[in-house]
Amino acid sequence: PTDPPSPQEHGLDFERLLDASAYKEKFRQDMIRWGEEKRRADPGFFCRAAVKGALQSVWVVSDTRRLSDVEWFRAAYGDVVQTVRVVATEETRKRRNWVFVTGVDDAESECGLDQGVAFDWVITNDGDEVALGEQLELLVQSLHRSL
């Protein structure tokens, strides 16, 4: 089987696919389906793509979505991996214009890490900039100490 055409081949606006717009929602289920097919064939496909050519001693991989992603990074990098989960209440998410979509928001791509992962850090982002800053400062200080 061949890969589906890239966003560029479909004439899609890559930047608009990165935001929370209706534009992204139009293509979201197809993107999820394609990603799931790639992961079934090769669970490390996207993880390897994320680290390809990375030479930094410290770097951040944002937005892992599945237990297999976390397991891949832990297997590849061992104890230096720090997992961080950012949470917000459903009320906060709705204020940010999130609307639950059955078949999308209950799929593994959106809730695959809701269970089965003991995160090293849990950061709450409910709109309190001071509280968020304090949490992030603790995380950064911890990371600096481990260098």
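What you see is a predicted model; the values in this text were computed from it and never measured. Just the heavy atoms: all of them, side chains too, but no hydrogens, waters or symmetry mates, feed the values below.
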Query raised in the report: So, do L67 and W72 sit near enough that their side-chain heavy atoms are less than 4.5 Å apart?
Result: no
Query raised in the report: Is a side-chain N or O of T83 found less than 3.5 angstrom from the main chain of D120, in a donor-acceptor match?
Result: yes
Query raised in the report: So does Q141 have more than 12 non-hydrogen atoms from other groups sitting under 6.0 Å from CD?
Result: yes
Query raised in the report: Measuring from T89:OG1 to K94:NZ, what's the distance to the nearest 0.5 Å?
Result: 10.0 Å
Requested in this report: With salt bridge (charged side-chain N to carboxylate O under 4.0 Å, His left out) as the test, would you mind laying out the steps for R85 and D114 before giving the verdict?
Outcome: CA-CA 10 Å; R85 181 175 179 105; D114 288 352; 2.6 Å; yes
Query - Under-4.0 Å salt bridge between R66 and E36 - result: yes
Query raised in the report: Quick one: OG on S146 to CG on D79, what's the gap to the nearest 0.5 Å?
Result: 11.0 Å
Query raised in the report: Of all heavy-atom pairs between A88 and N125, which one has the smallest distance, and what is that distance?
Result: CB-O, 3.3 Å
Query raised in the report: For the atom pair CG (D128) and CD (Q135), what is the distance rounded to the nearest 0.5 Å?
Result: 8.5 Å
Query raised in the report: Quick one: does L113's side chain get under 4.5 Å of V70's, heavy atoms only?
Result: yes
Query raised in the report: Do E90 and W98 have side-chain heavy atoms sitting under 4.5 Å apart?
Result: yes
Query raised in the report: When rounded to the nearest 0.5 angstrom, what distance separates CZ in R39 from CZ in F46?
Result: 5.0 Å
Requested in this report: List the atom of A118, the atom of R74, and the distance in Å for their closest heavy-atom pair.
Outcome: O-NH2, 3.3 Å
Query raised in the report: Is L143 reachable from L136 through a run of hydrophobic residues whose side-chain heavy atoms are each under 4.5 Å from the next?
Result: yes
Report summary line: Closest heavy-atom pair, D126 versus T92, reported as atoms and distance to 0.1 Å, is OD1-OG1, 2.8 Å
**Report entry** Derivation of the side-chain contact (heavy atoms from CB on, under 4.5 Å) call for T124 and L132
**Finding:** CA-CA 7 Å; T124 301; L132 178 61; over 6 Å; no
Report task. Flag the pair E37 and R33 as a salt bridge only when some basic side-chain nitrogen lies within less than 4.0 angstrom of an acidic carboxylate oxygen. Result -> no
Report task. Please determine if R65 and E108 form a salt bridge, counting it only when a charged side-chain N lies under 4.0 Å from a carboxylate O. Result -> no
Requested in this report: Indicate if V84 and L138 have the same hydrophobic cluster label, given that clusters are the connected sets of ILVMFWY residues with side-chain heavy-atom separations under 4.5 angstrom.
Outcome: yes
Query raised in the report: Donor-acceptor pair, D105 side chain versus E110 backbone, under 3.5 Å?
Result: no
Query raised in the report: Can F119 be reached from L139 by stepping across I, L, V, M, F, W or Y side chains whose heavy atoms are under 4.5 Å apart?
Result: no
Query raised in the report: Should the ring pair Y77 and F73 be called parallel, tilted or perpendicular, given that the plane angle runs from 0 to 90° and is split at 30 and 60?
Result: parallel
